[in-house]
Amino acid sequence: MNPNSQLLRQIPKIDDLLRREEITAAAQSYSHTVVVESLRETIEALRQAILAGEENISVEPAPLCAQAIALMEEKSAMNLRPVINATGIILHTNLGRARLSDHAVQAIASIAQDYNTLEYNLKKGSRGSRYDHVEELVSKITGAEDAMVVNNNAAAVMLVLSTMAKGKEVIVSRGELVEIGGAFRVPDIMAQSGGALVEVGTTNKTHPSDYTKAITENTGALLKVHTSNFKIMGFMEEVSLAEMVEIGHNAGLPVLYDLGSGALIRLEDYGILDEPNVQDSVKAGADIISFSGDKLMGGPQAGIIIGKKQYIDAMKKNPLTRAFRIDKLTLAALEATLRDYLEPAQAMATIPTLQMIAATPETLRPKAEKLLALLEENPQGYTVELCEDVGQIGGGSVPTQMIPSIVIALKTTEISLDTLEQRLRKAPLPIIARISKERMLFDVRTINEKQFPYINEILRKNCVK
Ligand SMILES: *Cc1c(COP(=O)(O)O)cnc(C)c1O
C-alpha cells in the first residue's frame, strides 16, 4: 500500500482554504476566478505529489495558501510587460526594439485616454486624414516631396512594390536579395506584390552595365535594398544609389530604395559607419524610399515611405494601404518623435536610442561605477567588477560593428550562473543579462540608471542558495 495514502485524506478542502484569513485578504487583490483556480491547481499538484509517493510532503494549510497566493500573482501578471535590458543591445528585436522618448510616451497616454483628431480636421470642422498629422513633418525633416506611413517597413516595401511594380519587372542586384528575418525575403515580397524579380550581377559584384542590360520595355522600376543585417567584404562592388538613379532616370524608370533602418542623423559622428542616412538618399535622387520607425530612428514600429508626390498619391489609393494602416497610438508616438528631429540637438537629447548610440566608454564609466558601488555595499553570494566589453546596435542594423561599452561582470559564489539567469527572468521586473566566460554581464549602456537600486536588491536576494 502506498505509504502516502493516509495523506490523501488529509488534503485540505478548497472551501476551508477560501475561508482562511490570508486567502480572504488575497481575494481583495485578485479576481474570484483566479483565487479558486490557483487553490485548485495547488491542491491538485499536492495530490499528484502524494500519488507519486514523494517524501516530506506537507498538507499544512499555511504553506499551501502561500503557494496558491504566489500562483495568483503569477496568473495576474501581464504577459506583455517591461523588462530590464542588460544585454547592451540597443535595438533588441525580442525586447521590443526602440525604447520611446518621454515625449512619445506622453503622446500615447494622452491620445489613448481621450477622443482625438485622428481623422478630423479641426480647422475645417470636417473629416480629415490620419496621414496629415505626420506627412509634413517627415517631408520637412527628410527633404522629400511627400510622405506617408504604414505599420512597419515590411508593409511599406510591400505597398511600394504592389503600387509601382505590379505586372512589371523590377531589377534587383543579387547582392541585395536580403532576408530580414521572420520570413521577410525580398524575392517572396516581390512575388506577393505581383512584380517580377529580375536578378542582376552576382552575390559580390554588380556593375552599372548589369542594370542597363536588363532594362526592357517590361521594366517597371529599379530597386535597391540596403543590406542592413549582413556585410559582404573583400572582392565586392555595388552600384551606388546615385548611379542607379542616373541609369533609371535615363530610361524613364523610377528608382526605389528599401533603406531598412532609416537613420535621420549622421551616425559617422558616433562611430557607426556604412549606414546610409535618409536625407542623403533623398538628395541622391531616389524616387521612393522606405524605412522603419523603430530601428535607428528610435520611434514606434512604423513604416515610413517618402518620395515623389505622384507615386505617394498612387500608394494612398492602393487598397493595401487600408490593410496596412497605422493606428492612433503609434501615430501619436511617431509625431512626438518626429517633432524632436526638427532640432537634431533636441533629438540627441531626448530620444533614448540616439542617447545610447552616442554613449561612449568614457561617459558610461561613471554610470557603471554607481552600479558597482551599490553592488559592493553588501554583496551576498557574488563578486563584481567593472570591465570593458563590446555591445551591438541590434535590430538587424550595422551587424559588423561592435560598440565599446562598460559592463559590470558578476561571478556567483553559491549558485550557478544558469540558476541566477533563470531567477532574474522570474523577478517581478525581469532582468535579461548575458553570460560570457563564467560571468554574468550587465551592460550599463542599455540600463536605465533609475533601475540600479532594484537590480541591486534583486541580485543580493537571488545569488544565495
Ligand atoms: C528591417 C528591415 C525591413 C523590415 O522592416 P520592419 O520595420 O521590421 O518591418 C525591411 N527591409 C530592410 C532592408 C530592413 O533592414
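Because the structure is predicted, anything quoted here is derived from the model rather than measured.
- Counting non-hydrogen atoms of other residues, nucleotides and ligands closer than 6.0 Å to CZ of R322 gives a total of 12 or fewer.
- D280 has a carboxylate O that lies under 4.0 Å from a charged side-chain N of R266, or vice versa, which qualifies the two as a salt bridge.
- Taking the charged nitrogens against the carboxylate oxygens, E44 and R40 have no contact shorter than 4.0 Å, which rules out a salt bridge.
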Apply side chain to side chain donor-acceptor pair (under 3.5 Å) to the pair E21 and T24, showing each step before the final yes or no.
CA-CA 5 Å; E21 204 176 313; T24 51; over 6 Å; no

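- Under the 4.5 Å side-chain criterion, counting only non-hydrogen atoms from C-beta, I432 is not in contact with I84.
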Can I403 and I272 be said to form a side chain to side chain contact (heavy atoms under 4.5 Å, CB included), step by step?
CA-CA 8 Å; I403 39 181; I272 309 295; 3.9 Å; yes

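- Taking a cutoff of 4.0 Å between a charged side-chain nitrogen and a carboxylate oxygen, K309 and E145 do not qualify as a salt bridge.
- K328 pairs by the salt bridge (Lys or Arg N to Asp or Glu O under 4.0 Å) definition with nothing, not counting sequence neighbours.
- A distance of 7.5 Å separates CE of M148 from CE of M315, quoted to the nearest 0.5 Å.
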Let me check something: any side-chain donor-acceptor pairs from residues 351-361 under 3.5 Å, sequence neighbours excluded? List them with distances.
| from | atom 1 | to | atom 2 | distance (Å) |
| --- | --- | --- | --- | --- |
| Q355 | NE2 | A349 | O | 2.8 |
| T360 | OG1 | E362 | N | 3.4 |
| T360 | OG1 | E362 | OE1 | 3.4 |
| T360 | OG1 | T363 | N | 3.2 |
| T360 | OG1 | T363 | OG1 | 3.4 |

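- Annotation: the span from T42 atom OG1 to E37 atom CD amounts to 10.5 Å, rounded to 0.5 Å.
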Using the rule given for side chain to side chain donor-acceptor pair (under 3.5 Å), can you reason through D327 versus T330, listing the C-alpha separation, both sets of side-chain angles and the distance that settles it, and then say yes or no?
CA-CA 6 Å; D327 85 298; T330 308; 2.4 Å; yes

Mind running side chain to side chain contact (heavy atoms under 4.5 Å, CB included) on N85 and I447 for me, showing each step along the way?
CA-CA 6 Å; N85 174 10; I447 305 175; over 6 Å; no

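- Of the N and O atoms on the side chains of T206 and S173, at least one donor lies less than 3.5 Å from an acceptor on the other residue.
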Before giving the answer on side chain to side chain donor-acceptor pair (under 3.5 Å), spell out for E275 and H226 the whole-Å C-alpha distance, their side-chain angles and the decisive distance to 0.1 Å.
CA-CA 9 Å; E275 189 59 38; H226 176 51; 3.3 Å; yes

Step by step, would you call H103 with D340 a side chain to side chain donor-acceptor pair (under 3.5 Å)?
CA-CA 9 Å; H103 292 159; D340 282 346; 3.0 Å; yes

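- K308 and D313 are not joined by a salt bridge, as no carboxylate oxygen comes within less than 4.0 angstrom of a charged side-chain nitrogen.
- Ionic pairing of E238 and K205 is not present here: no N-O contact between side-chain nitrogen and carboxylate oxygen is shorter than 4.0 angstrom.
- We find the CG-CG distance between L177 and L197 to be 5.5 Å, quoted to the nearest 0.5 Å.
- Side-chain contact between V170 and V198 is absent, with no heavy-atom pair separated by less than 4.5 Å.
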Yes or no on side chain to side chain contact (heavy atoms under 4.5 Å, CB included) for V178 and R185, after CA distance, side-chain angles and deciding distance?
CA-CA 6 Å; V178 179; R185 292 174 160 189; over 6 Å; no

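- In the model, N153 has a side-chain atom that pairs as donor or acceptor with a side-chain atom of S290 under 3.5 Å.
- For I69 against E22, the heavy-atom pair with the smallest separation is CD1-O, 3.8 Å.
- Considering all non-hydrogen atoms of both residues, I393 and I89 come closest at O-CG2, 3.9 Å.
- The distance from the CD1 atom of I306 to the CD atom of Q279 is 8.0 Å, given to the nearest 0.5 Å.
- Taking CD of E73 as the reference point, atom OH of Y30 lies at 4.5 Å (rounded to 0.5 Å).
- A salt bridge is defined here as a Lys NZ or Arg NE, NH1 or NH2 lying under 4.0 Å from an Asp or Glu carboxylate O, and K461 with E457 meets this definition.
- A salt bridge is absent between K426 and E74; no separation between the charged side-chain nitrogens and carboxylate oxygens falls under 4.0 Å.
- Only one option out of D389, D443, T87 pairs with R434 in a side chain to side chain donor-acceptor pair (under 3.5 Å); it is D389.
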Derivation of the side chain to side chain contact (heavy atoms under 4.5 Å, CB included) call for V105 and S101:
CA-CA 6 Å; V105 172; S101 69; over 6 Å; no

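- Salt bridge status for E449 with K367: absent, with no side-chain N to carboxylate O gap under 4.0 Å.
- Under the 4.5 Å side-chain criterion, counting only non-hydrogen atoms from C-beta, M297 is in contact with L338.
- Atom OH of residue Y131 and atom CG of residue L331 lie 9.0 Å apart, to the nearest 0.5 angstrom.
- The pair E135-K316 meets the salt-bridge criterion, with a side-chain N (NZ, NE, NH1 or NH2) lying under 4.0 Å from an Asp/Glu carboxylate O.
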